[in-house]
Amino acid sequence: MKCRICGEKASVNMREHKLALCKEHYLEWVPAQAERSIKKYGLFTHDEKILVAVSGGKDSLSLWDILQRLAYHVEGLYICLGIDEGIRYSTESQRLAEKFASEHNLKLNVVDIQQEYGATLPQITRGTHRGRSKPCSVCGLVKRHVMNRFARDLGFDVLATGHNLDDEAAVLFGNTLSWSGEYMLRQGPVLTGGSGLVRKVKPLCRLYEREMLAYALLRGIEYIYEECPYSIGSTSIYYKELLNRLENNRPGAKLTFYLSFLEARKTGLFTEREKIQAELHLCSGCGQPTSAPGLCSFCRLMERLNPPPVRECGI
Ligand code: Q46
Ligand code: ZN
Ligand code: ZN
């Protein structure tokens, strides 16, 4: 297989695009694809301050790498969740995020949730619903809250995450199965900000997971290979496996699924009721955006974890 641009031996063959490229041209092609999404969906400009959520994994470190190569004004945020039973996932992923930052002379901000909120993610999960909450739903909630609060308080214009096409297609597949209109309306390359919510963007949303893997490997980015121990057996991994089987038989199916959804969404696919349900409110506790009026899920979670002291009745 030869590189379509220079005719040298190809390093990456993308059946989904009918395109093969050598290492040099592949490492140019990926940032160009990200830049195309940034422009097409109006994600951000060179004048804006961007915070990249960095987990130590291949996607977020590659995103950080790509944005600095494209000369955007970017800093990283690592959230230490304290998932350290067994493989010391948090310690190792933080070490790799810090290593990447220092090697590229980039600024990494770190929020340790144990220092900030008095408990690690496993402790928060055990302390809720008598330990029956799923770690990933608690984790998603905590990360969304911390990322938005940090970005808002430190004056960032935009929060960028490393979600790739496989992540987006899996979420869309799950939402489609139950036709969850309000969630589908909030899914996309950009979630507009305002009223306490910092704009959230996904510059890698059109790039396949294996394309990002190839980018990280060819760029020599050292990332955490181990998956988070809580991801084992998750629904999103199951959906990804199903979609991979589809993609194997029909290269490009995932991209078509996602892009067709984005097109269909523009044409009145959803009811007025779903549009109202998708609107955000401000939490009466922390002032951050929430899907329903009253306290947000994060504040309710923290309330359950640290209930107010029981008062003496005084009789
Ligand atoms: S870190 Fe958190 Fe993931 Fe681990 S607990 Fe689940 S959501 S799997 S991206
Ligand atoms: Zn080439
Ligand atoms: Zn709140």
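Just so you know, these numbers come straight off a predicted model, no measurement behind them. Read the numbers this way: they start at 1 and go in the same order the structure lists the ligands and their atoms.
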Starting from atom 6 (Fe) of ligand 1, locate the nearest protein heavy atom and write down its residue, its atom name and how far away it is, to 0.1 Å.
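Protein heavy atom at minimum distance: Cys136 SG, 2.2 Å.
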Starting from atom 4 (Fe) of ligand 1, find the nearest protein heavy-atom neighbour and note its residue, name and distance.
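The protein heavy atom lying closest is Cys228 SG, 2.2 Å.
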Cys139 N/O/S atom closer than 2.8 Å to atom 2 (Fe) of ligand 1:
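Yes.
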Scan side-chain atoms only and decide if Asp84 and Thr91 contain a donor-acceptor pair under the 3.5 Å cut-off.
yes
Donor + acceptor pair across side chains of His73, Gln68 (<3.5 Å):
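Distance-only check fails for His73 and Gln68.
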Arg95 atom CZ, neighbour heavy-atom count above 12 within 6.0 Å:
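Yes.
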When you look for heavy atoms under 4.0 Å from ligand 1, do you find them on the side chain of Lys143, its backbone, both, or neither?
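It is the side chain that touches ligand 1; the backbone stays farther off.
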Check ligand 1 against Ser231 and write out every atom of the ligand that is under 4.0 Å from a heavy-atom position of the residue.
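In order of number, 8 (S).
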Should you measure from each heavy atom of Tyr230, which atoms of ligand 1 turn up under 4.0 Å away?
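Listed by number with element, the hits are 5 (S).
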Vertex the Zn ion (ligand 3), rays to SG in Cys299 and SG in Cys296 - rounded to 10°:
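SG of Cys299 and SG of Cys296 make an angle of 110° at the Zn ion (ligand 3), to the nearest 10°.
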Does a side-chain N-to-carboxylate-O contact under 4.0 Å join Arg250 and Glu247?
no
Do Thr120 side-chain atoms and Gln123 backbone N/O form a donor-acceptor pair below 3.5 Å?
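Flag set: sc Thr120 to bb Gln123 pair under 3.5 Å.
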Quick one: are the ring centres of Tyr26 and Tyr215 less than 6.0 Å apart?
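No, too far apart.
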